[in-house]
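Have a look at the structure below, then the notes.
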Amino acid sequence: MAEKITPRHVDYSRWYTDVVLQAKLADYSPVKGAMVIRPNGYAIWEMIQQNLDRMFKESGHVNAYFPLLIPESFMKKEAEHVEGFSPECAVVTIGGGQELEEPLYIRPTSETIIWSMYKKWIMSYRDLPILINQWANVLRWELRTRLFLRTSEFLWQEGHTAHATFEEAEEETMRILDIYKTFAEEYLAIPVIPGRKSEAEKFAGALHTYSIEAMMQDRKALQAGTSHNLGQNFAKAFDVKYQDKEGQLQYVWATSWGVSTRLIGAIIMTHADDNGLVLPPKIAQRQVVIVPIWRGDDEKKQVLEYADGIRQELKQEFNVILDDRDQYKPGFKFAEWELQGIPVRLEIGPKDLSKNGAVLVRRDLMKKEFIDRKGILETVRQTLNQMQKDMLERARKFQQDNTHDVDDYDKFKEIIAGEGGFIRSHWCGDPACEAKIKEDTKATIRNIPFDREEEKGKCIVCGKESNGRVIFAKAY
RNA sequence: CGGGGCGUAGCGCAGUCUGGUUAGCGCACCUGCCUUGGGAGCAGGGGGUCGGAGGUUCAAAUCCUCUCGCCCCGACCA
């Protein structure tokens with residue numbers, strides 16, 4: 001605990017790792033590329049799950065669970081899909097000491113196993129839509145991993161829906177992207193840009209991929225969620241047809257969508273500071289910590305009694321911890337809870353007792369403020385609400401301040417190589433221009449924003465006509 | 001797979017170049033005292049097959065050979 005976090009301006013990458021390890025969110029595991037999610041980190045995942053799960057269910061989705069192992073032949077049925085995922089799959093070839101007749105892939109994603117089942121379940125238009133989600137782990141043999149942002153095994157949710165028409169599938173794809181956006185902004189306090197992925201960046205096997213893109217504190221982009229319109233690709237690969245009202249056989253239309261434990265990385269890289277994690281109140285399992293301060297046994301007794309009264313009151317609405325550990329001094333406790341990102345700290349000592357109040361410190365502002373004992377529940381409630389709003393607005397301002405409209409390719413290259421950020425530039429739509437930019441600068445098209453304005457312009461690379469700007473950035 | 005760095009106590013490291021009593025330091029941990037409004041102090045204590053295997057030597061953490069593993073940076077990706 002005495003270890004200091006590497007400041008962001010010294011080494012952003014080290015800072016990130018320091019925060020994850022020291023806030024006890026995760027730890028390196030004995031298996032290369034895999035991590036252990038520790039209780040502090042898992043608590044964040046549980047909050048993500050609870051809230052998203054509720055939002056999915058409110059929009060008509062249900063949960064199910066499909067197997068971890070997928071027959072090799074399934075993986076090979078959709079051409080683009082197998083090409084995209086095969087190189088990064090782990091494959092089981094031995095079971096019960098015997099060589100298996102058919103190797104089993106550990107799922108990198110579940111489209112294939114799920115659509116093999118949908119074939120059994122879908123007969124008629126009356127069976128549609130199917131709106132299934134699953135919370136699961138998946139495995140991708142990543143070459144270079146980073147805690148939460150990219151690990152070989154990760155936790156996520158994957159939705160897999162089946163529809164009668166393209167329009168319905170497209171609608172579903174958008175509905176989910178909207179849920180992701182709402183969740184990211186209202187709960188995680190991370191402003192995101194929703195849009196469509198270019199052909200080069202879309203999911204292996206999808207017709208269209210949509211994403212929400214967030215900006216991290218180092219001005220790089222992080223894809224925070226994706227929603228795919230899979231068209232009829234998987235229905236055709238797995239021969240899933242339904243009979244419509246007219247008695248005609250039709251291929252089913254599909255979507256899939258997911259967010260992962262990567263969101264925890266996004267929270268850190270959006271909000272955390274050189275003192276550690278800063279959790280948006282709505283995603284913090286513990287919103288309030290009370291640090292009592294005393295001198296001698298008499299004071300200790302009085303202070304703890306008073307502090308416990310406050311805890312009881314706040315407990316009605318919030319998860320509160322009273323840190324009465326004897327072996328640590330207050331300063332140590334301040335630092336430790338700051339590291340873990342608890343949104344609000346109340347310091348309660350003899351001075352506060354005599355003035356009938358407490359000292360409140362918001363984690364994001366780190367300013368001490370005396371508050372009255374009376375109405376403390378309301379004060380804390382308002383503080384947390386305000387903090388949630390402020391965090392989103394602060395992140396939004398940062399994103400806006402680091403987004404540039406650029407019409408000159410040299411300037412484009414200069415910004416990407418220098419300060420970074422999001423660049424809004426015209427693009428003709430040609431994958432060759434996109435590839436050239438990636439080669440020259442390592443920046444990619446993050447997405448084509450839904451809310452972009454129609455605007456005549458010239459492609460930043462080739463100068464051909466363009467109808468609007470797309471977002472370029474270096475990404476995680 | 002390419003480039004870089006590193007394996008010595010739970011963590012972070014020194015010692016290795018130049019071989020030599022009992023392998024050392026900081027943090028953490030345990031006991032006691034003392035402390036408590038920003039990461040306290042004092043005293044005592046526990047904890048090591050020096051990543052592994054082989055070799056050279058009177059003697060190896062240190063030299064030689066092989067090997068295993070990890071981290072960071074790049075190409076791929078939620």
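Here the structure is a predicted model, which means the values were calculated and not measured.
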Separation of the C1' atoms in rG74(B) and rA9(B), to the nearest angstrom: 36 Å
Value in whole Å for how far the C1' atom of rC77(B) lies from NE2 of H228(A): 12 Å
hbond_proxy R345(A) side chain to rG38(B) base (donor-acceptor, 3.5 Å cutoff): yes
Separation of atom NZ in K202(A) from atom P in rC76(B), rounded to whole Å: 18 Å
F85(A) CZ to rC77(B) P, straight-line distance once rounded to whole Å: 10 Å
Phosphate OP1/OP2 of rU36(B): any R295(A) side-chain N/O under 4.0 Å: yes
Residue whose nearest RNA chain B nucleotide is more 5′ - K438(A) or L353(A): L353(A)
Sugar-phosphate only, base, or nothing, as touched by E338(A) at under 4.0 Å among non-hydrogen atoms: base
Distance between P atoms of rG15(B) and rU62(B) (Å, rounded): 15 Å
Cationic N near anionic O, under 4.0 Å, E313(A) to R373(A): yes
Rounded distance (Å) that lies between atom P of rU36(B) and atom CG of D323(A): 17 Å
Sugar-phosphate, base or nothing in reach of S256(A), heavy atoms under 4.0 Å: nothing
Interatomic distance, L21(A) CG vs rC70(B) P [rounded to whole Å]: 16 Å
Charged N-O contact under 4.0 Å between D372(A) and K374(A): no
P spacing across the pair rG20(B) / rA60(B), given as an integer number of angstrom: 11 Å
Paired nucleotide for rC29(B) [Watson-Crick or G-U wobble; both distances under 3.5 Å]: rG45(B)
Rounded distance in Å - CZ (R146(A)) to C1' (rC71(B)): 12 Å
Side chain to side chain contact (heavy atoms under 4.5 Å, CB included) between M216(A) and T270(A), intermediate numbers included: CA-CA 5 Å; M216(A) 303 296 102; T270(A) 303; 3.5 Å; yes
Among rG38(B), rC77(B), rA40(B), the nucleotide that comes nearest once only the side chain of E347(A) is considered: rG38(B)
Under-4.0 Å side-chain N/O to phosphate OP1/OP2 contact, Y28(A) with rG69(B): no
Touch class at under 4.0 angstrom, heavy-atom based, for K368(A) against every strand present: base
K438(A) bridged to E434(A) by N-O distance under 4.0 Å: no
rA78(B) base stacked by W156(A) (centroids within less than 5.5 Å, tilt under 30°): no
Touch class at under 4.0 angstrom, heavy-atom based, for L149(A) against every strand present: base
Inter-nucleotide C1' distance (rC58(B), rG41(B)), Å rounded: 49 Å
Separation of the C1' atoms in rA59(B) and rA23(B), to the nearest angstrom: 15 Å
Separation of rG12(B) P from D27(A) CG (nearest whole Å): 10 Å
Basic-acidic side-chain contact under 4.0 Å: R175(A), E172(A): yes
F238(A) and F74(A) aromatic ring geometry - parallel, tilted or perpendicular at 30°/60° bounds: perpendicular
Whichever of Q327(A) and Y476(A) has its nearest RNA chain B nucleotide further upstream toward 5': Q327(A)
Any strand: nucleotide that pairs with rC17(B) via Watson-Crick or wobble, under 3.5 Å: none
Touch class at under 4.0 angstrom, heavy-atom based, for K351(A) against every strand present: base
Base paired to rC66(B) (Watson-Crick or G-U; both N/O distances under 3.5 angstrom): rG52(B)
Side-chain donor/acceptor contact of E336(A) with base of rG38(B) under 3.5 Å: no
L346(A) CG - rG38(B) C1' separation (whole Å): 16 Å
Rounded distance in Å between the P positions of rG51(B) and rU8(B): 6 Å
Sugar-phosphate, base or nothing in reach of S13(A), heavy atoms under 4.0 Å: sugar-phosphate
Under 3.5 Å on both distances, the Watson-Crick or G-U partner of rA60(B): none
Q49(A) backbone acceptor or donor facing D53(A) side chain under 3.5 Å: no
Phosphate-side-chain proximity, K442(A) and rC76(B), N/O vs OP1/OP2 below 4.0 Å: no
Phosphate-side-chain proximity, K329(A) and rG37(B), N/O vs OP1/OP2 below 4.0 Å: yes
Ring-ring centroid check H81(A) W115(A), cutoff 6.0 Å: no
Sugar-phosphate, base or nothing in reach of G258(A), heavy atoms under 4.0 Å: nothing
Sugar-phosphate only, base, or nothing, as touched by V291(A) at under 4.0 Å among non-hydrogen atoms: nothing
Same-atom distance (C1') from rG69(B) to rG32(B), integer angstrom: 42 Å
Cationic tip of R262(A) above F154(A) ring, under 6.0 Å, 45° of axis: no
Closest nucleotide among rC77(B), rG37(B), rA78(B) to the E88(A) side chain: rC77(B)
Nearest-Å distance once atom P is located in both rC25(B) and rG48(B): 15 Å
Sugar-phosphate only, base, or nothing, as touched by W294(A) at under 4.0 Å among non-hydrogen atoms: base
For rA75(B), the Watson-Crick or wobble counterpart (both distances under 3.5 Å): none
Sugar-phosphate only, base, or nothing, as touched by E142(A) at under 4.0 Å among non-hydrogen atoms: base
Touch class at under 4.0 angstrom, heavy-atom based, for P350(A) against every strand present: base
